[in-house]
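Accompanying notes for the structure given below.
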Amino acid sequence: QVQLVESGGGLVQAGDSLRLSCAASGRTIGSYSMGWFRQAPGKEREFVSGIGWGPGTTTYGDSVKGRFTISRDNPSNAVHLQMNSLKPEDTAVYYCAARLPRGIRVSITASDYDYWGQGTQVTVSS
């Protein structure tokens, strides 16, 4: 079992930055694919970003490309999401997810992930 705990959310203004963190426990996640998803009220859960275990295996949703950066911190067994140039439409609950090792491809599908955190709220005011 893997436990995931997100942190770093908050209330910011448009144009500000936030750094979300996802701390894992129970198992080492170095070989797991990790993803960030978000869900706004009344909307479906949306893929934000993912990172595989190999070098250069990152992917981003179209709405965050060029603004968000995902990274691993293997010594800390954590994953981070640096969010820059935040917009009001980025407002959502952000979830961290882990996928058991199944190859190098990073999935953008929520149902492919095996473990989820409780989420952290990000609110961007205009």
Side-chain angles (χ1 to χ4, degrees):
Q1 290 288 332
V2 175
Q3 293 78 43
L4 302 173
V5 178
E6 303 94 337
S7 62
L11 172 63
V12 297
Q13 293 186 332
D16 286 350
S17 298
L18 277 176
R19 184 174 184 250
L20 303 184
S21 295
C22 173
S25 61
R27 290 186 180 179
T28 301
I29 60 170
S31 61
Y32 286 51
S33 290
M34 301 297 296
W36 285 97
F37 291 77
R38 66 187 182 187
Q39 189 164 18
K43 295 188 176 181
E44 293 186 354
R45 194 163 293 192
E46 175 190 15
F47 173 78
V48 175
S49 181
I51 186 167
W53 56 264
T57 55
T58 59
T59 188
Y60 297 90
D62 288 342
S63 61
V64 306
K65 280 180 182 177
R67 299 188 297 125
F68 291 10
T69 303
I70 191 171
S71 62
R72 285 187 179 273
D73 182 356
N74 286 338
S76 298
N77 210 33
V79 175
H80 305 292
L81 184 69
Q82 177 67 40
M83 306 187 297
N84 298 329
S85 302
L86 283 161
K87 304 175 180 179
E89 51 263 44
D90 294 319
T91 295
V93 177
Y94 283 70
Y95 297 92
C96 175
R99 186 181 189 213
L100 290 165
R102 291 187 184 91
I104 199 170
R105 185 180 68 88
V106 177
S107 174
I108 65 171
T109 304
S111 59
D112 285 343
Y113 287 79
D114 302 288
Y115 304 101
W116 291 83
Q118 294 297 311
T120 185
Q121 176 70 46
V122 172
T123 303
V124 184
S125 63
S126 58

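- In the hydrophobic clustering of ILVMFWY residues, with side-chain heavy atoms under 4.5 Å counting as a link, Met83 and Phe47 come out apart.
- A search for side-chain hydrogen bond (donor to acceptor under 3.5 Å, both in side chains) contacts involving Thr109 returns nothing, not counting sequence neighbours.
- One hydrophobic cluster, built from ILVMFWY side chains closer than 4.5 Å, holds both Tyr32 and Ile70.
- Cluster membership check: Val93 does not share its hydrophobic cluster with Val79, using side-chain heavy-atom separations under 4.5 Å among Ile, Leu, Val, Met, Phe, Trp and Tyr.
- Residue pairs satisfying the ring-ring contact (aromatic ring centres under 6.0 Å, His included) criterion with at least one member in residues 49-74, sequence neighbours excluded, are absent.
- For the pair Arg102 and Asp112, the salt-bridge criterion is not met [side-chain N within less than 4.0 Å of a carboxylate O].
- In this structure, Arg38 and Val122 have side chains that are not in contact, with every pair of non-hydrogen atoms separated by 4.5 Å or more.
- Formation of a donor-acceptor pair under 3.5 Å by the Ser49 side chain with backbone atoms of Thr59 is found in this model.
- With hydrogens and angles ignored, the 3.5 Å screen pairs a side-chain donor or acceptor of Arg72 with a backbone N or O of Ile29.
- Among residue pairs with one or both ends in residues 84-114, those qualifying as ring-ring contact (aromatic ring centres under 6.0 Å, His included) are Phe37-Tyr113; sequence neighbours excluded.
- Salt bridge annotation for Asp90-Lys87: absent, with no cationic side-chain nitrogen under 4.0 angstrom from a carboxylate oxygen.
- With sequence neighbours excluded, no residue forms a side-chain hydrogen bond (donor to acceptor under 3.5 Å, both in side chains) with Arg105.
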Full working for side chain to side chain contact (heavy atoms under 4.5 Å, CB included) between Leu81 and Met34: CA-CA 11 Å; Leu81 184 69; Met34 301 297 296; over 6 Å; no

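- Cluster partners of Leu11 are absent, since no Ile, Leu, Val, Met, Phe, Trp or Tyr has side-chain heavy atoms less than 4.5 Å from it.
- The structure places OG of Ser7 at 13.5 Å from CD of Gln118, a figure rounded to the nearest 0.5 Å.
- Pairing each heavy atom of Ala92 with each of Ala40, the nearest pair is CB-N, 3.8 Å.
- Residues His80 and Asp73 form a side-chain contact, since some pair of their non-hydrogen atoms from C-beta on lies under 4.5 Å apart.
- The OG atom of Ser63 sits 8.5 Å away from the CD atom of Glu89 when rounded to the nearest 0.5 Å.
- Heavy-atom minimum distance, Ser17 versus Gln82: CB-NE2, 3.9 Å.
- Side chains of Asn77 and Thr28 form a contact here, defined as non-hydrogen atoms less than 4.5 Å apart.
- Annotation: side-chain hydrogen bond (donor to acceptor under 3.5 Å, both in side chains) contacts of Gln121 (sequence neighbours excluded): Thr123.
- Heavy-atom minimum distance, Arg67 versus Ser85: NH1-O, 2.9 Å.
- When all heavy atoms of Asn74 and Gly30 are compared, the pair lying nearest together is OD1-CA, 3.9 Å.
- Across Ala14 and Ser126, no two heavy atoms sit closer than the pair CB-CA, 4.4 Å.
- Of all heavy-atom pairs between Val64 and Val48, the closest is CG2-O, 3.4 Å.
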CA sep, side-chain torsions, deciding dist, call: Trp36, Cys96, side chain to side chain contact (heavy atoms under 4.5 Å, CB included): CA-CA 5 Å; Trp36 285 97; Cys96 175; 4.0 Å; yes

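- Annotation: the span from Ser33 atom OG to Ile51 atom CD1 amounts to 9.5 Å, rounded to 0.5 Å.
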